[in-house]
Amino acid sequence: MNNTLLSLTIAILFGIGTFLILRRDIVRVIIGLGVLSHAVNLLIVSTGVFAGTKVPIITDDGVHGAAEATGTIFSDSLSQGILAPVLAAGNHVDYVDPLVQALVLTAIVISLATTAFILILAYRIYEEYGTTDIKELRRLWG
């Protein structure tokens, strides 16, 4: 996927999420929070993965530094005892830092739990007052 297209998609998701958060209906605010959290997750993943045409697994060739790595994926070499990604004892290959994916996965789970809790609260508000309009609720609460 093109980085420009991905950046545009993230910007559109941020815009839609912000637009929905500023609405008067509680359900639309909840949907806006969900869209905004997905936009943040995409932003975090996109900053850690894409580097032009290189793959996200960074290998250091020993001559250049990690900043100038070749960016090649493991290749099988049975003569050297390398069966990707299982390596022989003497071979060393740098893996991609899985921290970005772990953080986003954790954020998705937390976002799901928070959204479920907020939806339950919105349902209870609707049962109690018969509306999810924020201005109407302010009027009813005093």
Side-chain angles (χ1 to χ4, degrees), residues 1-78 81-142:
M1 177 180 275
N2 192 355
N3 286 341
T4 306
L5 180 62
L6 182 63
S7 299
L8 184 64
T9 303
I10 293 170
I12 289 171
L13 285 175
F14 268 110
I16 290 171
T18 304
F19 176 77
L20 288 173
I21 286 175
L22 298 174
R23 299 294 94 199
R24 288 176 37 181
D25 190 29
I26 292 177
V27 177
R28 289 184 182 156
V29 171
I30 295 169
I31 292 171
L33 285 172
V35 170
L36 200 60
S37 73
H38 288 304
V40 169
N41 292 338
L42 274 175
L43 180 66
I44 292 171
V45 168
S46 70
T47 59
V49 171
F50 295 107
T53 59
K54 294 183 180 177
V55 294
I57 297 177
I58 300 172
T59 58
D60 190 3
D61 58 1
V63 178
H64 301 95
E68 299 175 8
T70 59
T72 57
I73 273 186
F74 301 111
S75 59
D76 293 337
S77 175
L78 296 177
I82 300 173
L83 183 60
V86 181
L87 304 174
N91 296 328
H92 174 73
V93 177
D94 293 328
Y95 290 91
V96 142
D97 185 14
L99 183 63
V100 174
Q101 290 88 359
L103 287 174
V104 169
L105 183 60
T106 304
I108 290 170
V109 171
I110 292 171
S111 173
L112 177 68
T114 305
T115 303
F117 179 70
I118 294 173
L119 280 172
I120 290 171
L121 289 178
Y123 179 71
R124 287 292 300 141
I125 289 172
Y126 179 75
E127 277 186 343
E128 186 73 25
Y129 297 103
T131 185
T132 57
D133 187 10
I134 294 174
K135 285 190 177 183
E136 182 70 21
L137 288 172
R138 284 187 186 152
R139 188 184 65 78
L140 291 173
W141 285 337

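In this text the structure is predicted, and so the values were computed from the model without any measurement. These numbers come from the heavy atoms of this one structure, side chains and all, not from hydrogens, waters or symmetry mates.
Scanning all heavy atoms of the two residues, the minimum distance from Ala122 to Thr132 falls at O-CG2, 4.4 Å. When every heavy atom of Tyr129 is checked against every heavy atom of Leu137, the shortest pair comes out as CB-CD2, 3.7 Å. Taking each heavy atom of Thr131 and Ile125 in turn, the nearest pair found is O-CG2, 4.0 Å.
Summarising the geometry, atom CD1 belonging to Ile12 is positioned 4.0 Å from atom CG belonging to Leu8; distances are rounded to the nearest 0.5 Å. Atom CG of Leu5 and atom CD1 of Ile10 lie 10.0 Å apart (nearest 0.5 Å). Taking CD from Glu136 and CZ from Arg139, the interatomic distance works out to 4.0 Å, rounded to the nearest 0.5 Å.
Of the possible polar contacts, one joining the Arg23 side chain to the Phe19 backbone as a donor-acceptor pair under 3.5 Å is found.
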Donor-acceptor pairs under 3.5 Å, side chain of residues 27-44 to any protein atom, not counting sequence neighbours: which ones?
from	atom 1	to	atom 2	distance (Å)
Ser37	OG	Gly34	O	2.8
Ser37	OG	Ser111	OG	3.1
Asn41	ND2	Ser37	O	3.3

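The one candidate from Leu119, Thr115, Leu121 that meets the side chain to side chain contact (heavy atoms under 4.5 Å, CB included) condition with Phe117 is Leu121.
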